[in-house]
Amino acid sequence: MSARAALAWALVAAALLLGQPAPAASLSELVYRGDGQMPAGDSQVKVQVGQAAPDFALPAVAGGTVSLSDYRGKSNVLISFVPSAWTPVCSQQWPGYNLAEKLFKERDTVVLGISVSNLPSLYAWTKEMGGLWFPVLTDFWPHGRVASLYGVLRGDGMSERALFLVDKQGVVRWAKVLDINKVPHLDELFEALDKVAAP
Amino acid sequence: MRRTKPLALLLGLALLLASATAWAGLPQAGQPAPEAALPAMPQKEARQYLGIGDKHYFTFSDVDAQVVILNIFNVFCPYCQAEAPLINQLWERLNTDPALKGKAKMFAIAVNNSAFEVSVFRDKYGAAYPITPDVTFEVSKLTGKSIATPSFVVVRQGPQGGQVIYSHSGPIEDLDAFVDMLKDKGGLR
């Protein structure tokens with residue numbers, strides 16, 4: 001190879017190495033971005049404000065099974081359905097509930113995070129987030145059974161990004177299906193929660 | 001001519017690859033200070049500290065300091081949450097180290113976070129530095145559409161205009177090294 005050719009290849013190699021983007025935080029690198037935005041869903045919410053929230057029991061990442069009725073008479077419950085583990089918006093939404101842990105506890109409210117992703121996937125994802133203070137449950141099998149019960153199972157097999165606030169008597173006090181592509185702000189959630197359980 | 005054409009192509013490819021990643025994302029070290037106008041924080045005391053008065057938008061050159069540190073973060077980002085105590089220590093150093101006090105100043109932009117969300121972050125971590133809630137993602141004027149959080153841009157001001165002296169995506173690993181960089185590259189020794 002001539003000296004000029006060697007120099008040119010060395011320059012290309014250097015550009016490939018030096019031109020690498022600065023590494024992002026690793027959760028961001030591990031998140032799957034797919035085709036970009038997810039399409040709007042085709043689900044029909046089955047649970048309305050004022051109705052009794054359907055009970056369910058699902059396996060938890062921390063082990064064992066958690067039922068909604070475990071909290072009857074003890075805590076308000078914010079059921080947070082998210083479409084999938086390892087996706088961008090979801091990877092911010094639940095750490096946001098970590099940030100607001102004190103605000104939830106001041107309002108006697110526990111969060112139940114539910115996803116149709118399977119247990120190992122949820123385990124790895126929540127561990128990468130640094131852990132969460134609230135139970136995370138898998139709605140993997142029968143697939144989306146609880147999401148379907150609440151009317152938030154999409155035709156593509158994921159759940160909607162949806163929130164249901166259930167009071168200590170087991171009654172739905174607020175229900176919201178959110179834009180699946182956006183991180184929901186805490187403002188609206190705490191405005192709704194304060195109507196039920198202001199500290 | 002036959003031999004130089006493929007070489008020219010290779011060199012062109014090398015330049016393109018090296019520069020392409022510089023166009024996307026943060027302004028790079030060595031570049032002139034960005035001129036993008038960033039949204040100011042609501043708190044009067046914070047604006048007074050930076051010396052930007054009542055401006056709703058300000059640029060790096062508006063800040064009354066020789067070295068200006070921007071921390072781009074998101075209160076939901078678990079890495080930003082984990083790093084919050086270190087950023088508090090940085091704030092402390094800027095306000096107590098005689099080489100830095102009044103000469104190196106910092107501010108933060110909370111991307112896609114509301115004022116309420118920023119207040120939750122402040123309360124949880126005791127963050128006292130200026131933070132602008134940037135619900136409308138105005139920091140994209142500086143970074144383009146894709147930004148990793150946390151990210152840091154440090155500008156050194158000068159009579160001929162400012163220059164970026166440090167640019168990094170990811171948490172600050174070593175606070176002492178970062179402060180040494182501020183002093184060395186910021187001309188604050």
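Just so it is clear, the structure is predicted and the values come from calculations on it, not from any experiment. All chains are named by letter (A, B, ...) in the order of the sequence lines, taking the proteins before the strands, and each is independently numbered beginning at 1.
Between chain A and the residues Val120(B), Asn74(B), Asn113(B), the largest count of heavy-atom pairs under 4.5 Å involves Val120(B).
Only the side chain of Gln81(B) comes within contact range of chain A, with heavy atoms under 4.5 Å apart. Both the backbone and the side chain of Asn112(B) have a heavy atom closer than 4.5 Å to some heavy atom of chain A. Looking at Leu186(A), the atoms closer than 4.5 Å to chain B (heavy atoms on both sides) sit in the backbone and in the side chain alike. Using a 4.5 Å cut-off between heavy atoms, Phe190(A) contacts chain B through its side chain alone, with no backbone atom that close.
For an aromatic pair to be called close, the ring centres must be under 6.0 Å apart, and Phe121(B) with Phe76(B) fails this.
A donor-acceptor pair shorter than 3.5 Å cannot be found between the side chains of Ser69(A) and Ser67(A). The closest side-chain donor-acceptor pair between Thr59(B) and Glu35(B), if any, does not fall under 3.5 angstrom. For Ser114(B) and Asp187(A), the side-chain atoms include at least one donor-acceptor pair closer than 3.5 Å.
Relative to the ring axis of Tyr166(B), Lys185(B) does not place its NZ or CZ within 45° and under 6.0 Å from the centre.
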